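Some notes on the structure that comes next.
All figures in this text were calculated on a predicted structure; none of them were measured in a lab.
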Amino acid sequence: MYRRLPLPVLAAAAAFARFPLPAAGFCPSRPRPPLAPVSTSALPSTEEETEVFGAKFFGGAAEKESLFDDEARAAEERGADLLRVRAAGRTSDGGGAAVAERQRVGVERKEAVYEDAGGYRIYNRFADVENFPDARSRAMGRGLQASVEYALRGAEEEEGEAVPAPPAMYAAAVAWESPLRKNHADPLSELAASVPFYRSTVRLAVLSCAAVGPAAYAVRWTLSGVWPNPWEGSLTFTGVSTLAVDTAGRIVAQTDTLDDVRDFQFSVYDQIGPKFWDIYHLLMTPPAQRLPKIPLDAPLFANYAVYEIPPHASLCATLPDPGRNKRATQTLPMHAFAAYIRTAGNPAQSYETTGPITIAIAKKPNIITWSVPVPPSVYRAARVPLGETEVATDAPGTLERNAYTGDSEATLDDEGRTLTYAVAPRRRVATVPFAGTPQDDAVAEVRRKLYESVVKDGKYAVKIGEDGRPLFFYRQNNAVACWTDDGLGMGVYAWIPRIVKCHEVGLELECDEGGGGP
């Protein structure tokens, strides 16, 4: 499942770096394995509070007193009290009904969206009420995804049969506004026209949809593609489309808004340009689709960076923390993998990569959470593979124990081991560079200084968790996750010198999580 990268041949890397930017079509892309389009046979007629992923305490001292002084700790406690008062004020029984309702909805959601298909778990994402809250939004989201797939892939055969055309989602005349390039009258025609240039690598996943009026919807999406240059630079954009429909339920107007409102051309060049470590680790993995982040203004002379991370599809795996000395956070847990990738032979299996991996550790109980960005090529399916129902091991807990604890005596506690897909909410974070691993002893001091700097500057408010503690996380920027249509298949950890400080220690800041779309 894992691949540790060796040092490359510098001469080959230098030659690779001299390749010029080609004209379109100069270098064919890797063949992408086909994915069955969204079925349209069961389309209906067109008549909470979300967890912040990757944002708990990680590593560090066991005692809270070692992190903050008395004044900062008192401010934390006041913030926790305020959160409890606000939660209690939502119901007449002091918040008990709200908690019970969330638990009931959570159980119903789990039963509806996670299916057991012959020993494999499947995520039925259009049944997830958190992203598609009612029948109208499910019909619109499913119909749009099917139309996008047909526009990009046409009537490709699935299991020997041609895929039928989905019901028309757009009216004959569409009023379309978009910051993306527009050479055609509607979005589907524009997507279809992009196929030759991008060598059939364009993928668009509808992440969520919500009705915002009797004849209006807000749809969140992620768009990706591979630029046809020698190193095949990856492009990723996230945004929201506001749709207006007629009495027949067909779209008559669409307004697209990108999460990153900076110059569009700059964003493209920033993503497709060759990155130093992609060249240095020549031919190890394709360039990763990087988690979008939007820089914000930090206070003058601040030693930290501030940016927003837009909503995106995420695979979230949890595992009980066996302790700092076991270093369980340094690799992805085995139960997160759902596929195998063949990297040898002719031809080798193609795959896509995403990064970085976000790691967090919650206290009481100590639970590690890994959050991995999911590419649109995987998330565009209506039913997304999630892996085997039971992980095969020689003995209960053996596979996990050997991978993370090295302990031949202790057994792994299955409680706390979970694997889910979700659309992570919008986040605002402050980060500082860090050279070590998530559970290094130095993490606690870095974390304390970051918290104190943000509080002292006062420009951004620190987000406080339900336990009254600030929410920290760790971004593992030397790691990429490798995906096939069957799910996560491999994790690759590149060697980068410690002097570079390629990783980040982060602190969650208050943010309008609902801003920018559903």
Side-chain angles (χ1 to χ4, degrees), residues 1-5 30 32-36 53-54 113-125 128 203 205 207 222 224 226 234 236 284-291 312-319 328-343 348-360 368-393 399-400 403-404 417-424 438 474-494:
M1 293 296 183
Y2 297 101
R3 203 170 158 199
R4 182 71 66 171
L5 302 187
R30 300 179 309 281
R32 258 57 174 185
L35 183 66
F53 295 97
V113 303
Y114 293 104
E115 307 168 1
D116 185 357
Y120 283 82
R121 295 181 71 217
I122 300 294
Y123 174 58
N124 184 3
R125 67 187 190 90
D128 193 337
R203 298 290 182 262
L207 304 187
T222 298
S224 70
V226 175
S234 292
T236 304
M284 292 302 175
T285 64
Q289 298 176 23
R290 290 291 169 181
L291 189 67
H312 59 279
S314 178
L315 175 69
C316 300
T318 65
L319 192 73
T329 56
Q330 292 186 214
T331 55
L332 286 164
M334 296 303 295
H335 69 276
F337 296 97
Y340 297 93
I341 296 179
R342 186 182 68 255
T343 58
Q349 186 176 0
S350 63
Y351 56 91
E352 295 189 21
T353 57
T354 62
I357 296 173
T358 302
I359 303 167
I368 306 171
T369 300
W370 290 264
S371 297
V372 186
V374 183
S377 59
V378 174
Y379 212 72
R380 63 197 171 105
R383 301 171 77 244
V384 188
L386 201 58
E388 296 181 6
T389 305
E390 297 293 338
V391 178
T393 59
L399 182 60
E400 302 285 359
Y404 300 106
R417 189 181 75 172
T418 65
L419 187 65
T420 58
Y421 285 108
V423 176
Y474 175 96
R475 285 169 64 94
Q476 200 167 25
N477 289 317
N478 73 328
V480 296
C482 305
W483 300 81
T484 69
D485 292 343
D486 294 326
L488 181 62
M490 182 170 63
V492 178
Y493 294 77

Spatial distance of atom CG (Leu488) from atom NE2 (His335) [nearest 0.5 Å]: 11.0 Å

Donor-acceptor contact below 3.5 Å, side chain Arg417 vs main chain Pro333: no

Approximate separation, where rounding is to 0.5 Å, of Arg203 CZ and Ser224 OG: 7.5 Å

Tyr379 versus Leu207: any side-chain heavy-atom pair under 4.5 Å? yes

Can you list everything that forms a side chain to side chain donor-acceptor pair (under 3.5 Å) with Asp486? Sequence neighbours excluded, please. none

Looking at every non-hydrogen atom in both residues, tell me the closest pair between Asn124 and Arg383 and how far apart they are. OD1-CG, 4.3 Å

Thr484 and Ser350: which non-hydrogen atoms are nearest, and at how many Å? CG2-O, 4.1 Å

Would Trp483 and Thr354 count as a side chain to side chain donor-acceptor pair (under 3.5 Å) here? Give the steps. CA-CA 8 Å; Trp483 300 81; Thr354 62; 3.0 Å; yes

Applying side chain to side chain donor-acceptor pair (under 3.5 Å), run through Thr418 and Thr318 and close with a yes or a no. CA-CA 5 Å; Thr418 65; Thr318 65; 2.5 Å; yes

Partners passing side chain to side chain donor-acceptor pair (under 3.5 Å) against Thr222 (at least two apart in sequence or in another chain): none

Ignoring hydrogens and angles, tell me if any N or O in the side chain of Arg125 forms a donor-acceptor pair with the backbone of Val384 under 3.5 Å. no

Atom CZ in Phe337, atom SG in Cys482: separation rounded to 0.5 Å? 8.5 Å

Would you say that Pro356 contacts Arg290 through its side chain, given a criterion of any heavy-atom pair below 4.5 Å between the two side chains? yes

Write down the atom of Pro375, the atom of Gln289, and the distance for their closest heavy-atom approach. CB-OE1, 3.8 Å

Please assess Met490 against Thr353 for the test side-chain contact (heavy atoms from CB on, under 4.5 Å), listing each intermediate value before the final yes or no. CA-CA 9 Å; Met490 182 170 63; Thr353 57; over 6 Å; no

Side chains of Val113 and Tyr123, heavy atoms from C-beta outward: is any pair under 4.5 Å? yes

Between Ile359 and Ile368, is the side-chain contact (heavy atoms from CB on, under 4.5 Å) condition met? List the steps. CA-CA 7 Å; Ile359 303 167; Ile368 306 171; 4.2 Å; yes

Apply side-chain contact (heavy atoms from CB on, under 4.5 Å) to Leu315 and Trp370, showing your working. CA-CA 8 Å; Leu315 175 69; Trp370 290 264; over 6 Å; no

If you take all heavy atoms of Gly487 and Ala338, which pair is closest and at what distance? CA-CB, 4.4 Å

Is the backbone N or O of Ala360 less than 3.5 Å from a side-chain atom of Thr369, with the two atoms forming a donor-acceptor pair by type? no

Please check this pair: side chain of Asn478 against backbone of Ala494, looking for a donor-acceptor N/O pair closer than 3.5 Å. yes

Apply the test side-chain contact (heavy atoms from CB on, under 4.5 Å) to residues Leu386 and Tyr114: give CA-CA distance (whole Å), side-chain angles for both, the deciding distance (0.1 Å), then the verdict. CA-CA 9 Å; Leu386 201 58; Tyr114 293 104; 3.5 Å; yes

Quick one: are Gln349 and Thr343 in side-chain contact, heavy atoms under 4.5 Å? no

Euclidean distance, Ile357 CD1 relative to Leu291 CG, rounded to 0.5 Å: 11.5 Å

Backbone N or O of Val423 within a donor-acceptor pair of the Ser314 side chain at under 3.5 Å? no

On a heavy-atom basis, the closest approach of Pro438 and Thr329 is CB-OG1, 3.3 Å

Contacts of type side chain to side chain donor-acceptor pair (under 3.5 Å), residue Gln476, not counting sequence neighbours: none

Please check this pair: side chain of Tyr421 against backbone of Pro385, looking for a donor-acceptor N/O pair closer than 3.5 Å. yes

Measure the spacing between SG of Cys316 and CG of Leu419 and express it to the nearest 0.5 Å. 8.5 Å

